[in-house]
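First up is the structure itself, then whatever we jot down about it.
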Amino acid sequence: MYMTRFRFNTHRPGARKLLSSPQVLHAAVMGGFPGLLPSAPGGPRVLWRVDRNARAEVFLYVVSPDRPDLTHMVEQAGWPAAPEGTWRTHDYTDFLKRLEAGQTWAFRLTANPTHSIRRRDGEPTKVTAHVTPRHQAGWLLQRQETGGFQIVRKPPEQQRIPGEDEYELLVHGRDTRAFDKRENATGRRNRVPLVKATFDGRLTVTDPEALRRTLCLGLGRAKAYGCGLMTLAPVG
């Protein structure tokens, strides 16, 4: 597995075009893997996420089974003449192997928190996005055990609102947009809503193997549109 970080040159029109559309950016990311054919079903999972730390500090993170070649993105949205390059790729496997139960890490995740609802008896369930920070946080908390981690609880004296501020978890960067998606069977275009939320916090490893799957395969839906990628960093 590989971890790649690419920095956008936000002064370039090409960067603004990529960042304005999850579909266009997904196609650009997948264009970095010559061995992956778009028509091949069940291919290796490529996860990606955009972090907007500041107006001129926007990064793309990619986790993939193969090393990407992002030359086309540098030409469109980076610094082609920069001698140090615009992206860096590192072997992710060694880091994954070092995960052990009991370790504490800072984490970031951008996800599409959803749940299934039935408005009337007898109707089929419908996938609907969580839109409030409380329900979005609840969505992540429900996935702790299967994800191989536990979000760190705050001491009672640090909880501003008992019962609602229990965890070292911040939900921010909420983004709602819609895009057209073509149905393969009919060719018809449907308007698809996409709700994203970014989670920052601290977690403790409870099941290293399960957490490795989470980091490599992602959490939740809409992975093709920049959701599902969790990354870890040393605490502090």
Side-chain angles (χ1 to χ4, degrees), residues 1-8 18-19 21-38 40-53 57-74 77-78 85-100 103-113 139-140 143-144 146-149 151 173 175 194 196-203 205-235:
M1 296 297 293
Y2 295 91
M3 165 74 79
T4 300
R5 189 179 80 164
F6 172 92
R7 184 182 176 192
F8 288 95
L18 290 175
L19 292 169
S21 170
Q23 290 174 297
V24 174
L25 184 50
H26 170 69
V29 170
M30 298 307 294
F33 299 93
L36 296 183
L37 299 177
R45 169 65 65 186
V46 175
L47 299 174
W48 60 271
R49 185 185 79 218
V50 173
D51 283 5
R52 302 172 186 262
N53 299 331
E57 190 178 317
V58 181
F59 294 99
L60 169 72
Y61 290 89
V62 181
V63 168
S64 57
D66 300 318
R67 182 184 291 271
D69 179 355
L70 302 183
T71 304
H72 62 297
M73 291 186 63
V74 175
T86 307
W87 89 85
R88 291 284 185 274
T89 297
H90 303 280
D91 190 332
Y92 200 33
T93 305
D94 288 343
F95 172 79
L96 295 172
K97 289 179 178 178
R98 292 198 300 269
L99 293 175
E100 296 180 359
Q103 293 174 338
T104 298
W105 296 91
F107 75 89
R108 172 168 288 182
L109 164 71
T110 294
N112 172 225
W139 173 89
L140 180 58
R143 283 152 180 78
Q144 295 179 101
T146 57
F149 61 91
I151 297 176
D175 179 30
L194 177 63
K196 292 183 180 181
T198 297
F199 305 85
D200 282 333
R202 293 204 300 167
L203 61 77
V205 181
T206 56
D207 184 337
E209 188 57 38
L211 183 56
R212 280 189 276 269
R213 289 195 299 270
T214 297
L215 297 176
C216 295
L217 301 179
L219 272 179
R221 303 167 65 91
K223 296 183 179 70
Y225 303 110
C227 297
L229 173 57
M230 175 184 281
T231 53
L232 305 181
V235 172

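Sequence positions, counted from 1, serve as the residue numbers for this chain.
Separating the CG atom in Leu229 from the CE atom in Met3 is a distance of 6.0 Å, to the nearest 0.5 Å. The distance from the CZ atom of Arg98 to the OG1 atom of Thr93 is 11.0 Å, given to the nearest 0.5 Å. Annotation: the span from Arg88 atom CZ to Thr4 atom OG1 amounts to 11.5 Å, rounded to 0.5 Å. Atom CG of Asp66 sits about 11.5 Å away from atom OG1 of Thr89, to the nearest 0.5 Å. For the atom pair CZ (Phe107) and CG (Asp200), the distance works out to 7.5 Å, reported to the nearest 0.5 Å.
Nearest heavy-atom pair, Leu109 versus Trp139, reported as atom, atom and distance to 0.1 Å: CD2-CZ3, 4.4 Å. Among all heavy-atom pairs drawn from Pro65 and Val46, the shortest one is CD-CG2, 4.4 Å. Among all heavy-atom pairs drawn from Trp48 and Pro22, the shortest one is CZ2-O, 3.8 Å. Between Thr86 and Gly78, the shortest heavy-atom contact is CG2-CA, 4.1 Å.
Listed by chain and number, the residues in a side-chain contact (heavy atoms from CB on, under 4.5 Å) with Gln144 are Leu141, Phe149, Gln150, Ile151 (sequence neighbours excluded). Listed by chain and residue number, nothing satisfies the salt bridge (charged side-chain N to carboxylate O under 4.0 Å, His left out) test with Arg7 (two or more places apart in sequence, or in another chain). Taking the side-chain hydrogen bond (donor to acceptor under 3.5 Å, both in side chains) definition, one finds that Thr110 meets it with Thr198, sequence neighbours left out. Considering only residues two or more places apart in sequence or on other chains, Asp51 meets the salt bridge (charged side-chain N to carboxylate O under 4.0 Å, His left out) condition with Arg49, Arg108. Not counting sequence neighbours, Thr146 has no partner by the side-chain hydrogen bond (donor to acceptor under 3.5 Å, both in side chains) test. Every residue two or more places apart in sequence or in another chain that forms a side-chain contact (heavy atoms from CB on, under 4.5 Å) with Ala197 is listed here: Pro113, Gln136, Val171, Arg174, Phe199. Not counting sequence neighbours, the partners of Glu209 by the salt bridge (charged side-chain N to carboxylate O under 4.0 Å, His left out) test are Arg212. Thr206 meets the side-chain hydrogen bond (donor to acceptor under 3.5 Å, both in side chains) test with no other residue; sequence neighbours excluded. For Phe95, the ring pair (Phe, Tyr, Trp, His ring centres under 6.0 Å) partners are Tyr92, Trp105, not counting sequence neighbours. By the ring pair (Phe, Tyr, Trp, His ring centres under 6.0 Å) test, Phe6 is found to be paired with Phe8, residues two or more places apart in sequence or in another chain being considered.
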Pair Gln103-Val235, side-chain contact (heavy atoms from CB on, under 4.5 Å): steps then yes or no: CA-CA 10 Å; Gln103 293 174 338; Val235 172; over 6 Å; no
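Counting only heavy atoms from C-beta outward, the side chains of Val62 and Trp87 never approach each other to under 4.5 Å. Residues Leu232 and Leu203 meet the side-chain proximity criterion, which asks for heavy atoms closer than 4.5 Å.
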If you look only at distance, which donor and acceptor atoms sit under 3.5 Å apart when one is on a side chain in residues 213-228 and the other is two or more places apart or in another chain?
from: Thr214; atom 1: OG1; to: Gly147; atom 2: O; distance (Å): 3.0
from: Thr214; atom 1: OG1; to: Ala210; atom 2: O; distance (Å): 3.2
from: Lys223; atom 1: NZ; to: Gly220; atom 2: O; distance (Å): 2.3

